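Since the model is a prediction, treat every value here as computed from it, not as a measurement. Residue numbering restarts at 1 for every chain, and letters A, B, ... go by the order of the sequence lines.
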Amino acid sequence: MEFTRRQFMTLMGGSAATAVVFQACGVPPDEIKVQSSIQMPEDLVTGTDNWYATLDRLNPTSNGIVVRVMEGRAKKIEGNVDYPINLGKHNVVAEAGLQSLYDPDRISAPLVRVGDRGSGQWEEISWTDALSRLAQRIQGLQSTSGMAMVTDPVGSHLGMVVERFLTKIGARHLVFEPLDRVTLSAAMETAFNHNNQLYSQGRFVMPDFDIENAEYLLSFGADFLSTWVSPVRFARSYGRFRDSDNNRGVFVHADSRFSVTGANSDKWLYVNPGREGLLAQSIAQVIISEGLGDPESVRSLTADGSIDMSHLDPELVSSEIGVEAGKIRQIARDFASHRPSLAIGGGSAGAHTNGLSNLTAIYLLNYLVGSVGKKGGVILNPESPFSDVMPASSGASLDEWSNFVDEIGRREVEILLVRGADPIYGLPEGVGFKDAIERLPLIVSFSGRMDDTASMADLILPEHNYLEDWGTDVPNPGPGYQMVGFQQPVVRPFFEHRGIHHGTRNFADVLMVLSQVLGADLDLSADNFLEILRDGARKIYERGRGVAGDKSVGDFTDFPSFWNAVLQNGSWRDEAARFDSTAPIPPEFPSSIQPPSFGGIDTVAQDVFNLIPFASASLSDGSGAHLPWLQATPDPITTATWRTWVEINIRKAENLGIKEGDVVKVTNGRGNFVEALAYPHPGISPDVVSIPIGQGHSSGGRYSQGRGSNVLSILDTKRTEGTSALAWAATRVKIEKTGRWMRLPRFENTAPELAVDEGGHIIPLTSGD
Amino acid sequence: MVTTQEKKTEEKWGMVIDVDKCIGCQACVVACQSENNIPVNEEEHFNQRRPIQWIRVERYWEGEFPDVKARFIPIMCQHCDNAPCEPVCPVFATYHNSQGLNVQVYNRCIGTRFCANNCPYHVRFFNFWEPSWPESLKNQLNPDVTVRSRGIMEKCTFCIQRIRRTERESGRDGNELKDGDRALNTACVNACPTDTLVFGDFNNPESRVSKLRKKEMDDHHGRGYKMLDELGTSPNVIYLKKVDKEAKESSTH
Ligand code: SF4
């Protein structure tokens, strides 16, 4: 299609003119249209603050937040008490969103590469220019399959726009999550949606966990108090679980790493890496053989007793698991008798070659104690309230990435679009992605900051920060009932002063303009994203179910007042839209699980360790590394900040002559290595070393660039059987001292020790009786 | 009708901290940094042992692999009734106000650091550097809180700016202060995902902190204690003991 500059301007003008509408908690619900900086916005009263509800997009599950805005600037983030996921709570990651908005290294206009790729030489161009360059390249494609888009897990209305765009253009979509949920979601689906009992159509939504009302909580591998799936929701629920007025629950955590979650359990059990599933099987064997299980579930799980589980007797498998038989028996009995009890699994337990079976066995334990669909147990989530708008999907498997790399190698891919994901940082070197993309003719990034992938791009079309942007979220996992979260701009775009030809844009709007230019009809209800969201809200309104804030949908006199209410409260929810109480019928219990296999080095020798990486409590998968508050947040276990450390057992370190701050070289079987500062501590197994994910960016601005090292790069490309996801806990590494030393910046001992006299205690204990 | 003259006694602000619930997540720490314009603690600041954290989370190890535990405790200014930091200040930069708060008057402070020396909880911080932010990050600074310059002491204020703003606004609207009001709560309390931290008025018998104090301090089975109680500082922060089923009564750290 031919298009003229004038046409382009018209299309662009349409989206830029979209008015920004603010809705604050507590201000009258009439709309405030902000027009120009000369006409002051009505909510701008010097010295008066407003709190606007929106969504936190930095956590793995979006939380509802309220942002304090004063004189047009965002000042503080807190949890939104009306939001069903986090109910007023938040965490360090959500808090640091302010710094992502005011990041001094944000990209303020479209950029085109002028020097060599990756050389960091850019020139600013206008949006019109940038989009027409991209459109021309797309039109010049030999075949439409020559284009691919990599995104973070996008769902809800944005996901719908992305899918339609890609389908119309004929391009493929790869979803990138560094520590993906592919295996987790597959295991949950096997356990709870066997034979598609729950979801005839639509996307499987992960269940919620009613930790608060459980009496006995048994978790395997999942660091749910810190980084796993929906950490704010789980931490809140855990706080209530610990309430002494609520019959304080017992919590046992089995893991091959001593995580934040492990540290807070009543009993932390070390399990040999990859043997979490065997432990779950053995627990099941005890419950079934001692007749402690829910009879009906036992019948289904054992196919009426025809599955022989005798080889899973604790005495027979205890040495393989690494937990004494007596303890396994005790846990099984306690788990069965202290109901409601709940079993959760994830994290490294699912990141082995046998991870899918591990997690499936773990989740099936919930049937034995009748906890599926019950208070204090696993709460199944209903489908999305929309037929065409889905929660975010989980990431692409490692096989898909490898295939993609091969296609690039065969020059079948010409254009790569990247949004919200940093695959160059996040994929192991063994996948070969970084080398492959050098052969790509065109890389386009939509990133608002120079992450490692954006720094290799040819064209950057920077999108708004989420605090300046519209959006919705159909959470996965949901809170047990249907809900939709609403995200609204809390401030005007920070780079608005650069004029409409520069500055940042909404990603969906950019895709829509692009498709108009390309003559592709996306068959959407409107031509800008805000209108699409409004139409989505209108659908909810017209159905008349549920509430916005404390008012039933049916009680709103018209749609505009409903729309105002969802923006003010940050969500619509329908607590009646749940699964009814009949629990699904479980599949048969896996009677055998393959032992895990490990990459590279075969044995565990004196200087060979199982490497268990983990998402940093503050930097997450690395996406928070450019935020100085997060860099400076002490890791809960080691109190380390600003650097990459390697956790090693304190006795083992003594044997190897390793002291804190020693720079050690951590090498995998292929010879890839990273360097990290040693932090010996008493909580970790002598067979394991652990390194946080998050640092080691080659780009990303002043706070992250060239700082620490990236453990993801040295992971072996072992796959989880059944899902082909990256088995990120299946790497063995060698540890060597380099002879260099560097002070590990840590919080511990920055304040002098408290002067406790004999018998005085900083943390006294009580048995609670 | 209640007139201003009949208004009950002034508030006495304090906190109850349930150590049993603290997961060590640091949400309180970062919330405090954001609310109170605390300069970013850079790598060098940690290495020189001079990071500023008005609230900090200490981690204590117990035992060794495989029978190992880590325990967390948040520590901030205890707003002691007998504050050892107050009498040593030569210029009265730190004093006790009528609401039980230990306050720091920044523009009186001359930086002798006697107060920090005398504080047994180590919750007073000296500004060794002029605080600095890149230009764009300054947009996020809280206009209700002074940025402290080099050479003076600072510490937890129980977010006095929130108390004052809420008092002002409720006075204007003719409302009473509400216990648990999120606008009145300190930033750390609102952030804490597990409800470890509870803030309120000990002079109001109906407040959550008063009820917790009554239950946990008066009762024989209560879990309440005051940190370094033997020093006689008389803190306004009450801690609740960690529960450990296997523990002999009071046996750690
Ligand atoms: S926010 Fe709460 S749970 Fe987290 S460290 Fe602070 S006091 Fe502990």
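- Under the 30°/60° scheme for interplanar angles, the aromatic rings of B/Phe126 and B/Phe128 are found to stand perpendicular.
- Each of B/Ile238, B/Val123, B/Val237 was scored for a side-chain contact (heavy atoms from CB on, under 4.5 Å) with B/Gln78, with one residue passing: B/Val237.
- For A/Glu748, the part lying near chain B is the side chain, with the backbone staying farther off; criterion is any non-hydrogen pair under 4.5 Å.
- Only the side chain of A/Arg643 comes within contact range of chain B, with heavy atoms under 4.5 Å apart.
- Neither the backbone nor the side chain of A/Arg106 comes within less than 4.5 Å of any heavy atom of chain B.
- For A/Phe494, the part lying near chain B is the side chain, with the backbone staying farther off; criterion is any non-hydrogen pair under 4.5 Å.
- Under the 30°/60° scheme for interplanar angles, the aromatic rings of B/Phe158 and B/Phe199 are found to stand perpendicular.
- Contacts between A/Ser685 and chain B at a heavy-atom distance below 4.5 Å involve backbone atoms as well as side-chain atoms.
- For A/Ile684, the part lying under 4.5 angstrom from a heavy atom of chain B is the backbone only.
- Proximity to chain B (any heavy atom under 4.5 Å) is restricted, for A/Thr638, to the backbone atoms N, CA, C and O.
- When heavy atoms are compared at a cutoff of 4.5 Å, A/Ala617 does not approach chain B at all.
- Neither the backbone nor the side chain of A/Asn86 has a heavy atom closer than 4.5 Å to any heavy atom of chain B.
- Only the side chain of A/Tyr238 comes within contact range of chain B, judged by heavy atoms closer than 4.5 Å.
- Between B/Trp61 and A/Phe258, the ring planes are tilted. Angles from 30° to 60° get that label.
- Side-chain contact between B/Arg164 and B/Asp144: absent, with no pair of heavy atoms (C-beta onward) separated by less than 4.5 Å.
- A salt bridge links A/Arg257 with A/Glu647: the distance from a Lys NZ or Arg NE/NH1/NH2 to an Asp or Glu carboxylate oxygen falls below 4.0 Å.
- Both the backbone and the side chain of A/Pro634 come within contact range of chain B, with heavy atoms under 4.5 Å apart.
- Both the backbone and the side chain of A/Gln99 have a heavy atom closer than 4.5 Å to some heavy atom of chain B.
- The part of A/Leu744 that comes within reach of chain B is its backbone (N, CA, C, O), which places non-hydrogen atoms under 4.5 angstrom from that chain.
- Ring to ring, A/Tyr102 and A/Phe495 are not that close: their centroids are 6.0 angstrom or more apart.
- For A/Val81, the part lying near chain B is the side chain, with the backbone staying farther off; criterion is any non-hydrogen pair under 4.5 Å.
- With B/Val145 as reference, B/Asn37 is the one residue of B/Asn37, B/Thr157, B/Ile160 to meet the side-chain contact (heavy atoms from CB on, under 4.5 Å) rule.
- Between B/Glu43 and A/Arg707, at least one side-chain nitrogen of the basic residue sits less than 4.0 Å from a carboxylate oxygen of the acidic one, meeting the salt-bridge criterion.
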